[in-house]
Amino acid sequence: MSQTPEHILEQLRALLANAYVPYSHYPVAAVIRSGSGQLYSGVNVENAAYPMTRCAEQSAVQGMVTAGEQRIDEVWIMTRGKRAGTPCGGCRQVLSEFGEPEVKVHCYTEDGLEFHTTIGELLPDAFGPKYL
Ligand code: THU
């Protein structure tokens with residue numbers, strides 16, 4: 001069962017329309033709640049030079065760090081399609097850099113299908129700053 005506030009779901013649905021996805025046609029929207037309680041959003045931004053593509057989660061993290069924050073407390077992601085897409089491997093690594101393993105990650109489809117997990121479940125034993 002979801003406890004996600006409706007305004008976050010509305011924000012995610014609106015963000016999907018802003019994703020720049022001329023190549024994959026697969027929009028992704030992400031919202032991050034930071035340590036201060038502020039919400040940061042992002043969408044995927046693709047590029048004709050394919051490896052330059054930026055994932056939605058990473059766009060949101062970029063905004064959070066740019067604003068001077070470095071702690072993720074909760075994550076919401078929305079995709080289209082039959083099942084709620086989970087963060088890709090690179091995004092799992094990026095989320096784990098700023099979020100503790102118990103931080104919740106909520107994945108939705110536009111139609112409301114849900115999958116709830118945590119950063120730690122997505123990337124157990126993550127490599128991170130503690131090793132360096
Ligand atoms: N994508 C994301 O934005 N986040 C993910 O975690 C998975 C993949 C994007 C990248 C690309 O624009 C499209 O989804 C298809 O891979």
Side-chain angles (χ1 to χ4, degrees):
M1 195 167 63
S2 165
Q3 296 180 351
T4 297
E6 188 55 35
H7 73 92
I8 291 180
L9 292 176
E10 277 173 22
Q11 194 178 336
L12 286 164
R13 284 189 202 100
L15 284 166
L16 281 180
N18 295 343
Y20 179 73
V21 290
Y23 309 108
S24 75
H25 306 288
Y26 184 76
V28 183
V31 170
I32 285 171
R33 181 168 58 81
S34 69
S36 74
Q38 182 74 35
L39 298 180
Y40 296 93
S41 58
V43 295
N44 48 339
V45 181
E46 298 184 345
N47 193 279
Y50 297 163
M52 299 298 292
T53 290
R54 179 61 50 91
C55 286
E57 297 91 324
Q58 293 180 48
S59 299
V61 168
Q62 198 85 32
M64 180 190 79
V65 173
T66 300
E69 298 209 56
Q70 297 188 355
R71 200 181 95 201
I72 295 173
D73 275 354
E74 200 160 3
V75 182
W76 295 266
I77 295 157
M78 186 175 279
T79 54
R80 292 199 177 126
K82 292 183 191 140
R83 43 175 82 168
T86 60
C88 73
C91 287
R92 294 174 192 211
Q93 181 67 33
V94 170
L95 292 172
S96 78
E97 182 86 15
F98 299 102
E100 296 296 326
E102 56 275 12
V103 165
K104 289 179 179 150
V105 180
H106 312 281
C107 307
Y108 290 87
T109 65
E110 204 176 17
D111 300 329
L113 294 177
E114 305 168 23
F115 175 75
H116 302 276
T117 184
T118 64
I119 288 178
E121 285 170 351
L122 289 170
L123 190 63
D125 304 318
F127 179 75
K130 65 182 177 223
Y131 293 104
L132 298 173

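As the structure is a prediction and not an experimental result, all values here were calculated from the model. Sequential numbering from 1 along the given sequence is applied to the chain's residues. Just follow the structure's listing: the first ligand is 1, and inside any ligand the first atom is 1.
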For ligand 1, output the ligand-protein N/O contacts shorter than 3.5 angstrom; if there are none, return none.
{"from": "ligand 1", "atom 1": "3 (O)", "to": "Ala56", "atom 2": "N", "distance (Å)": "2.9"}
{"from": "ligand 1", "atom 1": "4 (N)", "to": "Glu57", "atom 2": "OE1", "distance (Å)": "2.8"}
{"from": "ligand 1", "atom 1": "6 (O)", "to": "Glu57", "atom 2": "OE1", "distance (Å)": "3.3"}
{"from": "ligand 1", "atom 1": "6 (O)", "to": "Glu57", "atom 2": "OE2", "distance (Å)": "2.8"}
{"from": "ligand 1", "atom 1": "6 (O)", "to": "Cys88", "atom 2": "N", "distance (Å)": "2.8"}
{"from": "ligand 1", "atom 1": "12 (O)", "to": "Asn44", "atom 2": "ND2", "distance (Å)": "2.9"}
{"from": "ligand 1", "atom 1": "12 (O)", "to": "Glu46", "atom 2": "OE2", "distance (Å)": "2.5"}
{"from": "ligand 1", "atom 1": "14 (O)", "to": "Asn44", "atom 2": "ND2", "distance (Å)": "3.4"}

query: Donor-acceptor pair, Glu69 side chain versus Ser34 backbone, under 3.5 Å?
result: no
Which residues share a side chain to side chain donor-acceptor pair (under 3.5 Å) with Thr109, sequence neighbours left out: none
- request: Determine, for Glu121 against Lys104, whether the closest basic-nitrogen to carboxylate-oxygen distance falls under 4.0 angstrom.
  value: no
task: Output the distance between atom CZ (Arg13) and atom CG (Leu15), rounded to the nearest 0.5 Å.
output: 11.5 Å
Less than 3.5 Å apart, which donor and acceptor atoms pair up between the side chains of residues 71-83 and the rest of the protein, not counting sequence neighbours?
{"from": "Arg71", "atom 1": "NE", "to": "Asp73", "atom 2": "OD1", "distance (Å)": "3.0"}
{"from": "Arg71", "atom 1": "NH2", "to": "Asp73", "atom 2": "OD1", "distance (Å)": "3.3"}
{"from": "Arg71", "atom 1": "NH2", "to": "Asp73", "atom 2": "OD2", "distance (Å)": "2.7"}
{"from": "Glu74", "atom 1": "OE1", "to": "Arg33", "atom 2": "NE", "distance (Å)": "3.3"}
{"from": "Glu74", "atom 1": "OE1", "to": "Arg33", "atom 2": "NH2", "distance (Å)": "2.7"}
{"from": "Glu74", "atom 1": "OE2", "to": "His106", "atom 2": "NE2", "distance (Å)": "2.7"}
{"from": "Trp76", "atom 1": "NE1", "to": "Thr4", "atom 2": "OG1", "distance (Å)": "3.1"}
{"from": "Thr79", "atom 1": "OG1", "to": "Gly85", "atom 2": "N", "distance (Å)": "3.0"}
{"from": "Arg80", "atom 1": "NE", "to": "Glu110", "atom 2": "OE1", "distance (Å)": "2.9"}

Cut-off 3.5 Å, no hydrogens considered: what does the side-chain donor-acceptor table look like for residues 53-61, sequence neighbours left out?
{"from": "Thr53", "atom 1": "OG1", "to": "Asn47", "atom 2": "N", "distance (Å)": "3.4"}
{"from": "Thr53", "atom 1": "OG1", "to": "Tyr50", "atom 2": "O", "distance (Å)": "3.0"}
{"from": "Arg54", "atom 1": "NH1", "to": "Gln62", "atom 2": "OE1", "distance (Å)": "3.0"}
{"from": "Ser59", "atom 1": "OG", "to": "Val43", "atom 2": "O", "distance (Å)": "3.0"}
{"from": "Ser59", "atom 1": "OG", "to": "Cys55", "atom 2": "O", "distance (Å)": "3.1"}

